[in-house]
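Just so it is clear: chains get the letters A, B, ... in the order the sequence lines come, proteins before strands, and each one is counted from 1.
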2 protein chains.
Amino acid sequence: MTGMASASLSPPDYVVLGMVGLGRRSGYEIKQAVELSIRFFWTISPAQIYPSLTRLERAGLLTGRDEPQGRRQRRLYELTAAGSTALAEWLQSTEPIPFELRDIGMVKLFFADAVAPSQAARLLTAVRQRSEQRLATLRAIRPEAEAAERQGDVYPALTLELGIAFHQAMVDACERFESRLP
Amino acid sequence: MTGMASASLSPPDYVVLGMVGLGRRSGYEIKQAVELSIRFFWTISPAQIYPSLTRLERAGLLTGRDEPQGRRQRRLYELTAAGSTALAEWLQSTEPIPFELRDIGMVKLFFADAVAPSQAARLLTAVRQRSEQRLATLRAIRPEAEAAERQGDVYPALTLELGIAFHQAMVDACERFESRLP
DNA sequence: GGTAACATGTAAGCGGTTACATGATTAG
DNA sequence: CTAATCATGTAACCGCTTACATGTTACC
């Protein structure tokens with residue numbers, strides 16, 4: 001019995017669903033949560049979040065309640081049983097997970113032979129520094145992930161470590177090549 | 001004196017330009033070259049390539065010449081001096097390179113606490129295996145990259161090693177967590 | 001004789017980004 | 001008093017993917 005209402009949701013819908021699943025939230029808070037956690041492998045804009053919330057509520061996967069702060073409007077959402085089921089089904093589906101990155105930095109590096117060696121080396125350095133910056137940002141988030149871990153959500157910490165490992169590998173590989181060039 | 005014709009090209013345009021820069025090519029060959037090299041951090045479809053080639057030729061950055069094989073049509077392109085300059089300028093530009101990934105696998109993993117531990121572990125395994133497969137594919141490409149290296153294009157080999165390092169880091173991190181769970 | 005690969009394109013639709021619009025509250 | 005943050009949305013545009021259309025050559 002696979003959810004009767006669901007007209008197959010898009011990935012952004014599941015991101016919204018998943019974030020609400022981690023705790024009662026407003027659209028604004030969802031955006032913030034994404035920025036603080038999965039923004040290194042996913043982004044979402046307010047123009048996606050608010051229509052998505054409306055759709056998900058109409059589909060019976062979320063329930064929203066107005067809880068203004070003073071005169072400032074605010075609407076908080078939580079998962080319904082159907083929403084929880086839909087999220088779980090998505091996470092459990094056995095379809096192969098496509099892997100697709102889209103990074104202009106790597107593309108530039110690939111074509112770097114088209115410019116002078118010194119210029120190419122500068123590009124390599126820029127790519128390395130970019131990963132070093134991400135690394136610093138990701139490490140700064142660790143406390144939040146560890147706090148979530150203590151409350152039973154261990155996978156955010158795992159994905160954080162995965163991100164750190166990824167960028168560390170990039171930095172190491174760049175350094176190996178940089179030391180070989182000059 | 002920054003190229004007078006260029007109305008600022010899109011990333012896919014530069015991908016086409018860069019691929020033609022690596023050797024005289026048809027649209028079909030560009031697609032193949034992308035699949036064999038940068039597809040792990042960029043993709044491009046025929047529906048983008050052919051209009052792009054037309055635009056770039058009109059802008060004077062490429063020249064095309066019909067070279068049919070028998071009755072089978074074919075049009076080969078090469079860089080003009082202006083095209084070469086445009087590519088070099090793009091590669092040398094000092095604007096910060098945005099870093100943005102988009103990977104549903106990571107998103108699923110992030111939310112994995114929403115399902116039973118055994119299901120979450122299955123997800124982790126799926127993500128690990130996905131990287132193992134990429135790793136195998138990337139390693140299979142090594143000969144091509146090394147051939148290019150011998151002919152003076154060293155950066156394709158570099159980006160390949162970067163991709164391998166990235167996926168190896170993912171596999172290692174996944175294994176660390178998998179051994180901790182059961 | 002049929003399938004896969006070679007080769008080039010067009011059209012429609014959709015999903016996402018950018019920009020815009022509005023208003024309340026807090027901090028400096 | 002001003003800027004930043006909180007908070008929610010809409011509209012237009014654009015670029016990309018999907019599907020389609022067409023024809024040739026090589027291979028089994």
Side-chain angles (χ1 to χ4, degrees), chain A residues 7-17 19-20 23-36 38-39 41-58 62 64-77 98-104 107, chain B residues 7-17 19-20 23-36 38-39 41-58 62 64-77 98-104 107:
Chain A
S8 77
L9 307 175
S10 66
D13 287 329
Y14 285 112
V15 169
V16 168
L17 215 52
M19 281 300 177
V20 174
R24 214 153 122 276
R25 277 189 171 81
S26 65
Y28 190 84
E29 284 166 334
I30 290 171
K31 173 64 179 161
Q32 282 184 317
V34 167
E35 288 308 305
L36 273 177
I38 60 171
R39 86 136 173 253
F41 41 85
W42 201 268
T43 55
I44 192 167
S45 67
Q48 288 174 280
I49 293 171
Y50 291 106
S52 175
L53 285 169
T54 308
R55 272 197 315 274
L56 293 171
E57 191 175 10
R58 262 190 228 138
L62 293 179
R65 189 185 305 178
D66 284 321
E67 292 196 18
Q69 301 281 85
R71 277 181 199 163
R72 186 191 281 163
Q73 66 176 325
R74 197 170 61 134
R75 189 173 177 83
L76 297 183
Y77 294 86
F99 183 80
E100 206 167 298
L101 301 185
R102 204 154 259 253
D103 179 13
I104 301 174
V107 174
Chain B
S8 77
L9 306 176
S10 67
D13 288 329
Y14 285 112
V15 169
V16 169
L17 215 52
M19 282 300 177
V20 174
R24 216 153 123 273
R25 277 190 170 81
S26 66
Y28 190 83
E29 285 168 331
I30 290 171
K31 172 65 177 161
Q32 282 185 317
V34 167
E35 289 307 305
L36 274 177
I38 61 172
R39 87 136 172 254
F41 40 85
W42 202 268
T43 56
I44 191 167
S45 66
Q48 287 175 279
I49 293 172
Y50 292 105
S52 175
L53 285 168
T54 309
R55 271 197 314 274
L56 292 171
E57 190 175 9
R58 260 190 230 137
L62 294 179
R65 189 185 307 177
D66 284 321
E67 292 195 18
Q69 301 282 84
R71 278 183 199 162
R72 185 189 280 164
Q73 66 176 326
R74 197 168 62 131
R75 190 172 176 83
L76 297 183
Y77 294 86
F99 183 81
E100 204 166 300
L101 301 186
R102 204 154 258 250
D103 178 14
I104 302 175
V107 174

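Between B:R74 and the phosphate of C:dA5, there is no side-chain N or O to OP1/OP2 separation shorter than 4.0 Å. Distances shorter than 4.0 Å separate none of the side-chain N or O atoms of A:R55 from OP1 or OP2 on C:dG15. Taking only side-chain nitrogens and oxygens, A:Q73 never comes nearer than 4.0 Å to OP1 or OP2 of D:dA7. Phosphate contact (OP1/OP2 of D:dC6, side-chain N/O of A:Q32, threshold under 4.0 Å): present. Distances shown here put a side-chain N or O of A:S45 below 4.0 Å from the OP1 or OP2 atom of C:dT17. The phosphate of D:dT8 has neither OP1 nor OP2 within less than 4.0 Å of any side-chain N or O from A:Y28. Taking only side-chain nitrogens and oxygens, B:S26 comes nearer than 4.0 Å to OP1 or OP2 of C:dT8.
Rounded to whole Å, the distance from CD1 on B:I44 to C1' on D:dC16 is 10 Å. Rounded to whole Å, the distance from CD1 on B:I49 to P on D:dT17 is 10 Å. Here the C1' atom of nucleotide C:dA24 and the CD atom of A:Q69 are 11 Å apart, to the nearest Å. We find that CD of A:E35 is positioned 15 Å from C1' of D:dT5, with the value rounded to whole Å. Distance CG (B:D66) to P (C:dT8): 9 Å, rounded to an integer number of Å. The CZ-P distance, from A:R25 to D:dA7, rounds to 13 Å in whole Å. Rounded to whole angstrom, the span from the CG atom of B:D13 across to the C1' atom of D:dG15 amounts to 11 Å. When the P atom of C:dC6 is taken as reference, atom NZ of B:K31 falls 13 Å away, rounded to whole Å.
A donor-acceptor pair is defined here as one N or O able to donate and one able to accept, closer than 3.5 Å; no such pair exists between the side chain of B:K31 and the backbone of B:S45. A distance-only check finds no donor-acceptor pair linking the side chain of A:E67 to the backbone of A:L76 [under 3.5 Å]. A donor-acceptor contact shorter than 3.5 Å is absent between the side chain of A:R25 and the backbone of A:I30. Judged by distance alone, the side chain of A:R74 and the main-chain N or O of A:Q69 form no donor-acceptor pair under 3.5 Å.
Residues B:Y77 and A:Q48 both approach DNA chain C. Their nearest nucleotides, taken by heavy-atom distance, put B:Y77 toward the 5′ side. The nearest heavy atom of DNA chain D to A:Y50 and to B:P11 marks one nucleotide each, and the one closer to the 5' end goes with A:Y50.
Counting non-hydrogen atoms under 4.0 angstrom, A:T43 reaches the backbone sugars and phosphates but no base. Among the atoms of the strands shown, none is found under 4.0 Å from any heavy atom of A:S10. The residue B:P68 sits apart from the nucleic acid: no heavy atom pair falls under 4.0 Å. Within 4.0 Å of B:E67, counting heavy atoms only, lies no atom of the nucleic acid at all. Within the 4.0 angstrom heavy-atom criterion, no nucleotide atom of any strand lies near A:P46.
When each of D:dT10, D:dT17, C:dA24 is scored by its nearest atom to the side-chain atoms of A:R72, the top-ranked nucleotide is C:dA24.
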Next on the checklist: Between A:L53 and A:Y77, does the side chain to side chain contact (heavy atoms under 4.5 Å, CB included) criterion hold? Intermediate values first, please.
Outcome noted: CA-CA 8 Å; A:L53 285 169; A:Y77 294 86; 3.6 Å; yes

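The line from CD1 of B:I104 to CH2 of A:W42 is 4.5 Å long, rounded to the nearest 0.5 Å.
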